[in-house]
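Both ligands and their constituent atoms are indexed starting at 1 by order of listing. The figures that follow rest on heavy atoms only: side chains count, while hydrogens, waters and symmetry mates do not.
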Amino acid sequence: MISIAQPLVNKKEKELVLEVMDSGMLASGSYVNNFSKNFADFIGCDYGAAVSSGTTALHTALLAAGIGEGDKVITTPFTFIASSNSILYTGAEPVFVDIKEDSYNIDPEKIEAALKKDPDIKALLIVHLFGLSCDMDKIMELVEKYDLILIEDCAQAHGAEFDGKKVGSFGDLSTFSFYPTKNMTTGEGGIVLTNQEELHQKAAKIINHGQSKKYSHDILGYNFRMTNLAAAIGLAQLEKLAAFNQKRIENGEFFNQNLADLDWLTIPSKAANKKHVYHQYTLRVKDRADFASYLSENGVGNSIHYPSAVTQQPYYKKLGYGELSFEVTEKVAAEIISIPVHPALSNEELQKIVDLIKAYK
Ligand SMILES: *Cc1c(COP(=O)(O)O)cnc(C)c1O
């Protein structure tokens, strides 16, 4: 079976993890500090606070931005559930806005329509889905015009760019995940980035039980800290991230070239001013269930990101979001399917995937 995702860890990760074990500093320590700084540098941000997951990163970013009960935050219904769950954690209310059919990312025109309808909306939590940037020119215009807080969920977009600038460097705060299926990993892990010192100080406090100095806790905080062990893996992975992304892009381009002519499927969209880092390579096919079985039966891993709008999840239905309809999300969710694009794929595997897909119809 060609797996849909495969983390690549080897000698360097093991060496650094052993160093941490030998140091006795298993929890906090210099590896966490170095990783935070190096990752922030890579994205082009001044400050980084490494945390335990992409989810705790989102929760922290929203809290640091002052989002809480009574606030409304615009986000996309076509994402992993953590994006909108993090809004719920703070007591705020997610306001869902539909996506664009080409990019699968939140539609700036629909954001503006929502803002006109409800001037109370305080923040935007955007998601750069599958490794492709949102339309940052239009989004930054809206942020200015409506004086919004911007948080970027970059859990799938480490190294993705818009107009040559990395995503994660546009918002007041941005978050990344280092789960093993992402473009780089720390096992479980995440980070909150910002250019604003005050927001960084607040985030650093939130993830460490609201502690300002030893055993003095001036806000309600959490234990969301990253471990030194995880950061050791991250330091080794970060050195390889550019090469991992390059291989993902080559794999994605190989599929683009070989699959573009098939009229029964849709390949991912591209834009000259966006660097796509192919966290997922997604196709759209009308008879998806049959196509998915065909791939699985022939040894090609595949996965559906995501089978429905977040608002159709049982918990969200209970909250009353089930009545809302999102035309584009629903259409895309019924047809989308991801195939393997990760950097561990061999040329033979890439060719096998292409040959199989071409032989389907
Ligand atoms: C993976 C992911 C998260 C959550 O990250 P975890 O590290 O799994 O908590 C959040 N948002 C998106 C879009 C993701 O893909």
Side-chain angles (χ1 to χ4, degrees), residues 4-7 35-36 39 48-63 73-90 94 96-97 99 103-106 123-134 150-160 167-168 171 173-193 203 206-207 222-227 229-231 233-234 237-238 241 245 248 276-282 303-311 313 316 329 332-333 336 338 341-342:
I4 182 73
Q6 190 177 317
F35 177 66
S36 301
F39 191 83
V51 292
S52 54
S53 72
T55 306
T56 54
L58 282 165
H59 190 177
T60 302
L62 286 158
L63 292 174
V73 183
I74 287 181
T75 196
T76 166
F78 193 55
T79 181
F80 180 57
I81 197 160
S83 313
S84 56
N85 273 359
S86 63
I87 300 171
L88 294 176
Y89 299 153
T90 69
F96 293 96
V97 166
I99 57 171
S103 63
Y104 311 136
N105 282 322
I106 196 162
L124 267 181
L125 196 173
I126 59 168
V127 181
H128 306 290
L129 203 69
F130 302 146
L132 184 67
S133 172
C134 293
L150 178 65
I151 296 172
E152 299 177 71
D153 180 348
C154 310
Q156 305 188 357
H158 319 62
V167 304
L173 295 136
S174 65
T175 68
F176 291 80
S177 163
F178 305 117
Y179 190 72
T181 57
K182 311 286 175 166
N183 292 42
M184 62 164 280
T185 188
T186 62
E188 294 274 9
I191 198 164
V192 182
L193 303 184
I206 289 162
I207 68 175
Y222 301 85
N223 175 0
F224 286 165
R225 298 179 305 256
M226 178 178 275
T227 65
L229 287 165
I233 302 172
Q237 288 271 299
L238 181 55
L241 177 57
N245 281 342
R248 283 179 183 273
H276 197 322
V277 292
Y278 293 104
H279 170 63
Q280 297 294 348
Y281 190 91
T282 57
S303 184
I304 294 167
H305 309 105
Y306 296 88
S308 72
V310 165
T311 46
Q313 291 295 336
Y316 282 74
T329 294
V332 170
I336 203 133
S338 303
V341 70
H342 56 78

| query | Roughly how far apart are Asp153 CG and Leu58 CG, rounded to 0.5 Å? | reply |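 With rounding to 0.5 Å, CG (Asp153) is 4.5 Å from CG (Leu58).
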| request: To the nearest 0.5 angstrom, please state how far the OH atom of Tyr89 sits from the OG1 atom of Thr56. | output: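 So the gap between those two atoms works out to 9.5 Å.
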| request: Please report the shortest heavy-atom distance between Pro94 and Thr75, naming the atom on each side. | output: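 Minimum heavy-atom separation between Pro94 and Thr75: CB-CG2, 4.5 Å.
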| query | Run the side chain to side chain contact (heavy atoms under 4.5 Å, CB included) check on Gln280 and Val341 step by step: do they pass? | reply | CA-CA 7 Å; Gln280 297 294 348; Val341 70; 5.5 Å; no
Purely on distance, is any nitrogen or oxygen of [X] under 3.5 Å from one on ligand 1?
| X | result |
| --- | --- |
| Glu188 | no |
| Leu58 | no |
| Tyr179 | no |

Show me which atoms of ligand 1 lie under 4.0 Å from any heavy atom of [X].
| X | value |
| --- | --- |
| Val127 | 13 (C) |
| Gly54 | 5 (O), 6 (P), 7 (O), 9 (O) |
| Lys182 | 1 (C), 2 (C), 3 (C), 14 (C), 15 (O) |
| Thr79 | 13 (C) |

| request: Report the part of Asp153 (side chain from C-beta onward, or backbone N, CA, C, O) that has a heavy atom under 4.0 Å from ligand 1; answer both or neither where that applies. | output: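 Only the side chain of Asp153 comes within reach of ligand 1.
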| Residue part near ligand 1, for Ser53, under 4.0 Å between non-hydrogen atoms |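 Near ligand 1, Ser53 shows its backbone as well as its side chain.
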| message | Between ligand 1 and Gly190, can you find any atom pair, the residue atom being a heavy atom, that is separated by under 4.0 Å? | response |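 Contact check Gly190 vs ligand 1: negative.
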| task | Using non-hydrogen atoms of the residue, decide whether His279 is closer than 4.0 angstrom to ligand 1. | result |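 Contact absent.
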| field | Val192 and Ile207: CA distance, side-chain angles, deciding distance, side chain to side chain contact (heavy atoms under 4.5 Å, CB included) verdict | value | CA-CA 10 Å; Val192 182; Ile207 68 175; 5.7 Å; no
| said: For atom 9 (O) of ligand 1, what's the nearest protein heavy-atom neighbour? Residue, atom name and distance, please. | reply: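 Atom 9 (O) of ligand 1 sits closest to the protein heavy atom Thr55 OG1, 2.5 Å.
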| query | Hey, would you say the Tyr179 and Phe80 ring centroids sit under 6.0 Å apart? | reply |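 Centroid separation for Tyr179 and Phe80: 6.0 Å or greater.
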| Step-by-step side-chain hydrogen bond (donor to acceptor under 3.5 Å, both in side chains) determination, Tyr316 to Ser84 | CA-CA 10 Å; Tyr316 282 74; Ser84 56; 2.9 Å; yes
| Would you say the side-chain atoms of Asn245 pair up with the backbone N or O of Asn183, donor to acceptor, closer than 3.5 Å? |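 Pair absent, no side-chain N/O of Asn245 close to backbone of Asn183.
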